[in-house]
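Report on one structure; see the data block that follows.
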Amino acid sequence: MTIDPRYEPASVEPRQFQRWIDADAFSADPNSGKPPFVIPLPPPNITGELHMGHALNGTVQDTLIRLRGMQGHETLWICGTDHAGIATQNVIEKQLRAQGLTRHDLGREAFVEKVWEWRRQYGATIIQQFKRLGSSLDYGNERFTMDPEYVAAVAEVFVSLYEKGYMYRDNRIVNWCPSCSSAISDLEVRYEHAADALYHVRYPIKDSTELLTVATVRPETILADTAVAVHPADDRYRHLVGRTVIVPIVDREVPIIADEYVRTDFGTGVLKITPGHDPNDFEIGRRHELEELTVIGFDGRMNDQAGEFAGLPAAAARQQVVDRLFSLGLLKGEDPYEHEVGHCDRSGDRIEPLISLQWFCDMQELAKPAIEAVESGRVTFHPRSQENTFFHWMRQIRPWCVSRQLWWGHQLPVWYCADGHVTVERSQPAACAECGTAQLERDPDVLDTWFSSGLWPFATLGWPEQTERLAAFYPANVLSTDRGIINLWVARMMMLGQEFAGQMPFSDVLIHATVQAPDGRRMSKSLGTGINPLDLVDRHGADATRYGLLKMASTQDVRFSEGSIDEGARLANKLWNASRFVLMQAGEAAAPAPSTADPVDRWILSRLSGASADVLRLLDAYDFSGAVKELYSFVWNDFCDWYVEAAKARLYGEDADARQAVSQTLLWVLERMLALMHPVMPFVTEELWSHLPGDRELLVLSPM
RNA sequence: GGGCGGUUAGCUCAGCUGGGAGAGCACCUGCCUUACAAGCAGGGGGUCGCGUGUUCGAGCCACGCACCGCCCACCA
C-alpha cells in the first residue's frame, strides 16, 4: 500500500464526502429505536453566501452531530433555507433597478415569479457551500420556509393566534423604512450614532406676548405638532397648562398640556408633541386624545399636509423649515447634538416613525412559559451569561408588528369585504365571515420573515400533521447560533414551539463566539473586512478550517487568526504521517488489539483513555476550544513525539514478540485516535480509516 | 443610559474551586535521524490594562477607572 507522504485535502475531501452521501450516512430513521439527537440548522437566507459565522456555527453543529452519532444516537441535523423576505426582495429589486425597472412595472404576480426563478437558480448555493465543510446535514430532507407544507403551517399558526386573541390589527406608529416601503419590527431597527443639531424654537403663546421655547432635532415635524407639553410639577410652566400656543409656520392653535413623560432637566423643559411622527409623542397623544397629523408620507417625502414643503424629502424639508423659522424670528438658536438614530437593519435607511394600519401579535402571554423554561433550567444557554439578553427582552416584551408591505413572503391569511369585515381563514374563504358576501379581497401584506422561521424546529418535521418525524425528532436537543439573534429568532422559536408543538423546541442554546477581523473590527462585506471561509478550505483544507475555527472560538468575541487554521493543517498532516508510519509497520495485520506487556504500551493506553475522557467531557460542556487543544496535545506530543519514537526501538529490534506487540498497540491506539478525532476532522480521519486493515464500516457510522 | 465579553510573551489565545505564568505561531541555536522540513532536539522573551482593597499569599476575589467589541434602550 502506498500513501502520499503529504496530506492533500483537495484530493480526499470530494471523494470522502461522496462516500458519506452514497452510504446515506446523514439521514435519520425515525424508527431506529436509538435515542434521538437533533439540531436544527439556523436556516441561512437564500441570498446568503457562506461567511465566517456560518462556517463556525456549522463546524460546531457538525462536530456535535458526528460525535453523538458515533455515541449511538439517531442524529438529525435539519437542513434548509429561509426565504428572507426583505433581504431577498431587495436583491431582486436591485436587479430590476439596474434595468431601469421597479417591481410595480412587473406587478405582484410576475415579480414573485421572478423571485422564485432566482431562488431556483441560486437559492441552494449556500447549502452546497456547507458541504465543503463536511457538514453532515440531512440533505435529503432539505426544507424551505416557502415550501407548500411550510406555508400551510404558517397559516395554521397565524389563524390559531388570531382565534386565541393574540393577533390583532391596529393603527399605530411603527418603524417605517422608506426605502423598503414597509414597516419593520423593533428588533430590525439598528441604532446608529448621528451628529445632528438641537434647534431651539419659539412658539408664541396665544393672547400673550410671551414665547415658549422648545428643543427639537426634527423641526420639519413642527408642521404636524398638535400640542406642547410640560411636566405637571414644573413650576416654571405650571401656570401655562391649559393655555394655547401657535405652532410656527402653520399657525395652528394647539394646547399646552402636562405629562409626566416630559423631562424638566432636558432642553427648556418644554416638549413639542407630534403624535404622527414620534413614538413617544404618539403615546402621549393617545393619553391626551390629541389629533394625529401626518406631514411625512410613506415615501419619506413631505406630503400635501406640509403645504409649501410638500414633495421635499424630509431631510431637505428640515433645512427649509429651519430657514423659515429663522426668517420669522422664531429660531432662538441651535446646538450640535449627538444621539442615536434608528436605521433599517436591511436597507440602512433612516427609520421614519409613521402611523399605519398593521397586524400585531401580543407577546406577553406567549413569553411567560419561555421565561419560565429558562428560569427553571429546562432550557439552558451556553454560556449562561447570555440568558440576561433573553430575560431582559422577554420580561418587557411589546407587541410584535408582523405585517410587512412586501410582495415576497407569506401573504397574510386575511380577507376583507367592502364593508371592512375581517375574515381570517387557513385557506381562501368562500364568503365574508360576518356579512356573507363573496366579494373578498386578500390582505396584500406578507409576514415578517422571522414569523415563519419561528416555526423552524417543528414545521420542518411536517407539523401540523402528526408525522413520524415530528414524533421522533421534536423537540430538538441543541440550537446553536450567534448571539445577535437570541431575541429575533431563538426567543420566538421558544414561544411558538411551546404554544404549537407543546414543548420547548430544544434544551440547550449554544451561543457561539463572534469572529472578528484580525484587527478587531467587525467582519463584514461592506467594511471589506470579511474573510471567505471557502478560501480557507481551498488553501488549508476543510479539516484544518474546522480545527482552526473551533480552536479560536473560545470567548464571546475573538479575532481571526490564520495561525489557528494553519495549526489545523499541520495537525492533519501529522495525523496523516503518523498513520502512514503505523500502517507501514502493521502491514495487512488482522484486527488490532492492545498489548499491555510493556510499560510504555501501558503508558500510551492510559494516556489514550485519559485524553478520550477529557475530550468527551469538554465537548459535553461545549468547550470546543479546550477539546481541540487536548486532541492536539495527545496526537502530537503523546502519541507522535513520545510513543511512536519510543516504539521504534522495539520495532527495529530483534525480538519478534516485541515487534508484534508494539505494532498491535500502535494500530490499536491509532484506530481509537482516528475515531476520537473524527468529529473535528472528518475528512482526513475517514480517509485514513479506509486504509486500516480489515473490512470496516465508514468511520462516521462506527462507534466512538 | 443598562447589560454581556475582552484587556496575560511580538501575534492569536489557555490559565478550573486564589500558592508553578503557559500553548501555538514568530524569533534564535543545532539537526535533511529511514512517518512527517507542514519535521526533530533545545533556547530567549511577560511589573498578567490602571488603581484601591481582602488575604500569609491575587492573573485569578471585591470595588473603581480606562480602552476595545457586541447586545438592549421610546429623553425631545
Side-chain angles (χ1 to χ4, degrees), chain A residues 3-7 173 175 186-187 189-191 196 198-201 214-219 221 228-229 261-274 278-284 337 339-340 342 353 383-393 396 398 482-488 511 513-514 516-523 540 544 548 551-585 621 623 625-626 628-630 632-633 636-637 640-641 644-645 647-648 652 666:
Chain A
I3 306 179
D4 291 341
R6 217 168 122 150
Y7 175 52
I173 198 153
N175 306 299
D186 296 338
L187 281 175
V189 178
R190 187 178 71 224
Y191 286 89
D196 281 326
L198 186 62
Y199 299 94
H200 298 272
V201 182
V214 309
T216 180
V217 289
R218 302 206 60 192
T221 65
V228 159
Y261 172 80
V262 182
R263 298 283 307 248
T264 55
D265 57 356
F266 188 93
T268 57
V270 185
L271 177 62
K272 75 183 202 64
I273 305 297
T274 320
D278 183 279
N280 303 312
D281 294 6
F282 179 83
E283 294 300 330
I284 295 170
Y337 187 64
H339 60 151
E340 303 296 313
R384 222 46 205 269
S385 57
Q386 294 299 330
E387 291 176 2
N388 290 327
T389 305
F390 172 85
F391 284 135
H392 184 73
W393 168 257
Q396 48 116 63
R398 289 183 292 165
D482 179 89
R483 66 178 180 280
I485 55 176
I486 289 175
N487 297 317
L488 212 47
I511 303 300
T514 301
Q516 304 172 328
D519 61 7
R521 286 189 297 166
R522 185 184 181 71
M523 226 184 237
H540 303 281
K551 168 88 190 287
M552 68 180 94
S554 52
T555 48
Q556 185 173 282
D557 295 305
V558 68
R559 294 184 180 199
F560 179 80
S561 73
E562 193 142 351
S564 299
I565 311 282
D566 191 54
E567 186 177 312
R570 289 169 44 256
L571 181 60
N573 189 58
K574 193 71 174 170
L575 203 55
W576 181 263
N577 276 288
S579 304
R580 208 156 67 94
F581 174 78
V582 171
L583 292 174
M584 275 159 46
Q585 308 310 324
D623 181 354
S625 185
V628 135
K629 267 177 275 193
E630 182 62 33
Y632 181 96
S633 144
W636 203 299
N637 303 122
C640 295
D641 288 351
V644 170
E645 291 306 319
K648 284 177 181 172
Y652 302 140
L666 275 168

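This is a predicted model, so every value here is computed, not measured. Within every chain, numbering begins at 1; the chains are lettered A, B, ... in the order of the sequence lines, protein sequences first and strands thereafter.
Rounded to the nearest 0.5 Å, atoms OH (A:Tyr199) and NZ (A:Lys272) are 13.0 Å apart. How far OH of A:Tyr337 is from OG1 of A:Thr216: 10.0 Å, rounded to the nearest 0.5 Å.
Using a 4.0 Å cut-off between charged side-chain N and carboxylate O, A:Glu387 and A:Arg384 make a salt bridge. The pair A:Arg6-A:Asp4 does not meet the salt-bridge criterion, since no charged nitrogen lies less than 4.0 angstrom from a carboxylate oxygen. Look at A:Asp623 and A:Lys629 and you find no salt bridge, because none of the NZ, NE, NH1 or NH2 atoms lies under 4.0 Å from a carboxylate O.
For the C1' atoms, the distance from B:G20 to B:C25 is 24 Å, rounded to whole Å. For the P atoms, the distance from B:G10 to B:G46 is 8 Å, rounded to whole Å. Straight-line distance between the P atoms of B:G43 and B:G51: roughly 33 Å, to the nearest whole Å. Taking the P atom of each, B:C48 and B:C60 are spaced 10 Å apart, rounded to whole Å. The separation of B:G18 from B:C13, taken at their C1' atoms, amounts to 22 Å, rounded to a whole angstrom. Comparing the same atom, C1', in B:G49 and in B:U55 gives a spacing of 23 Å after rounding to whole Å. The same atom, C1', is picked in B:G22 and in B:A9; the two are 10 Å apart, to the nearest Å. Nucleotides B:G45 and B:A66, compared at atom P, are 36 Å apart to the nearest Å.
For B:A35, there is no paired nucleotide, since no Watson-Crick or G-U wobble pair has both relevant distances below 3.5 Å. With a cut-off of 3.5 Å on both pairing distances, the Watson-Crick or G-U wobble partner of B:U52 is B:A62. Using N1 to N3 plus N6-O4 or O6-N4 for Watson-Crick, or N1-O2 and O6-N3 for G-U wobble, each under 3.5 Å, B:C40 pairs with B:G30. Across every strand in view, B:G22 sits in a pair with B:C13 that passes the Watson-Crick or G-U test at under 3.5 angstrom. Shown here, B:G1 forms a base pair with B:C72; the pair counts as Watson-Crick or G-U wobble because both key distances fall under 3.5 Å. In this entry B:G46 has no Watson-Crick or G-U wobble partner, no candidate having both defining distances under 3.5 Å. With a 3.5 Å ceiling on both atom-pair distances, the Watson-Crick or G-U wobble partner of B:C67 is B:G6.
Note on A:Asp557: a base of the nucleic acid sits closer than 4.0 angstrom, heavy atoms only. Residue-level contact check: A:Leu187 touches the backbone only, with heavy atoms under 4.0 Å from sugar-phosphate atoms and none from bases. Residue A:Arg263 is classed as a base contact, given a heavy-atom separation below 4.0 Å to a base. Using a 4.0 Å heavy-atom distance criterion, A:Gln386 is classed as a sugar-phosphate-only contact. Note on A:Arg521: nothing from the nucleic acid sits closer than 4.0 angstrom, heavy atoms only. Residue A:Ser564 is classed as having no contact, given no heavy-atom separation below 4.0 Å to the nucleic acid. When heavy atoms are screened at a 4.0 angstrom cut-off, A:Thr216 is found touching the sugar-phosphate backbone but no base atom. Among the atoms of the strands shown, only primed sugar atoms or phosphate atoms (P, OP1, OP2) are found under 4.0 Å from some heavy atom of A:Lys629. Heavy atoms of A:Tyr261 sit under 4.0 angstrom from at least one base atom.
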Listing time: all N or O pairs from protein to nucleotides 34-37 of chain B that are below 3.5 Å?
from, atom 1, to, atom 2, distance (Å)
B:A35, OP2, A:Tyr652, OH, 3.2
B:A35, O3', A:Arg580, NH2, 3.3
B:A35, O2', A:Asn577, OD1, 2.6
B:A35, O2', A:Arg580, NE, 3.4
B:A35, O2', A:Arg580, NH2, 2.8
B:A35, N7, A:Lys648, NZ, 3.3
B:A35, N6, A:Cys640, O, 3.4
B:A35, N6, A:Glu645, OE2, 3.0
B:A35, N3, A:Asn577, O, 3.2
B:A35, N3, A:Ala578, N, 3.2
B:C36, O4', A:Asn577, OD1, 2.9
B:C36, O4', A:Asn577, ND2, 3.3
B:C36, O2', A:Asn573, ND2, 3.1
B:C36, O2, A:Lys574, NZ, 3.0
B:C36, N3, A:Lys574, NZ, 2.7

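We find that CZ of A:Phe282 is positioned 19 Å from P of B:A76, with the value rounded to whole Å. Rounded to an integer number of Å, the gap from A:Lys551 NZ to B:G15 P is 12 Å. The nearest whole Å value for the distance from the CG atom in A:Asn175 to the P atom in B:C74 is 9 Å. If you take CG of A:Asp623 and C1' of B:G15, they are 12 Å apart, rounded to a whole angstrom. Note: CD1 (A:Ile486) to C1' (B:C70) measures 11 Å, nearest angstrom. Distance A:Asp186 CG to B:C71 P: 16 Å, rounded to the nearest Å. Remark: P of B:C68 and CE of A:Met523 are 20 Å apart, rounded to the nearest angstrom. Separating the OH atom of A:Tyr632 from the P atom of B:C13 is a distance of 18 Å, rounded to the nearest angstrom.
For the pair A:Lys574 and A:Tyr7, the NZ or CZ position fails the cation-pi test of under 6.0 Å to the six-membered ring centre and within 45 degrees of the ring normal.
Residue A:Tyr337 has a polar side-chain atom (N or O) positioned under 4.0 Å from OP1 or OP2 of B:A76. Between B:G39 and A:Arg6, no contact under 4.0 Å exists linking OP1 or OP2 to a side-chain N or O. Note on A:Arg483: every side-chain N or O is 4.0 Å or more away from OP1 and OP2 of B:G5. For B:A14, one of the phosphate oxygens OP1 or OP2 lies less than 4.0 angstrom from a side-chain nitrogen or oxygen of A:Thr555.
Picking from B:A38, B:C4, B:C68 the nucleotide with the shortest atom distance to the side chain of A:Arg570 gives B:A38. In the set B:C70, B:C72, B:A38, B:C70 carries the atom at the smallest distance from any side-chain atom of A:Arg522.
Remark on RNA chain B: of its neighbouring residues A:Glu567 and A:Ala215, the 5'-side contact belongs to A:Glu567, judged by nearest-heavy-atom nucleotide. Nearest-nucleotide assignment on RNA chain B puts the 5′-proximal partner with A:Ser561, out of A:Thr389 and A:Ser561.
Within the 3.5 Å criterion, the main-chain N or O of A:Ser385 finds a donor-acceptor partner in the side chain of A:Asn388. A:Arg570 places no side-chain N or O within donor-acceptor distance of the main-chain N or O of A:Ala544, the cut-off being under 3.5 Å. Not one N or O on the side chain of A:Asp566 forms a donor-acceptor pair closer than 3.5 Å with the backbone of A:Glu562. Judged purely by atom type and a 3.5 angstrom limit, A:Ser625 uses its side chain to pair as donor or acceptor with the backbone of A:Lys551.
Between A:Phe390 and A:His392, the ring centre distance reaches or exceeds 6.0 Å.
At a cut-off of 3.5 angstrom, the base of B:A76 holds no donor-acceptor pair with the side chain of A:Arg218. A:Gln556 contributes a side-chain N or O that forms a donor-acceptor pair with the base of B:C4 under 3.5 Å.
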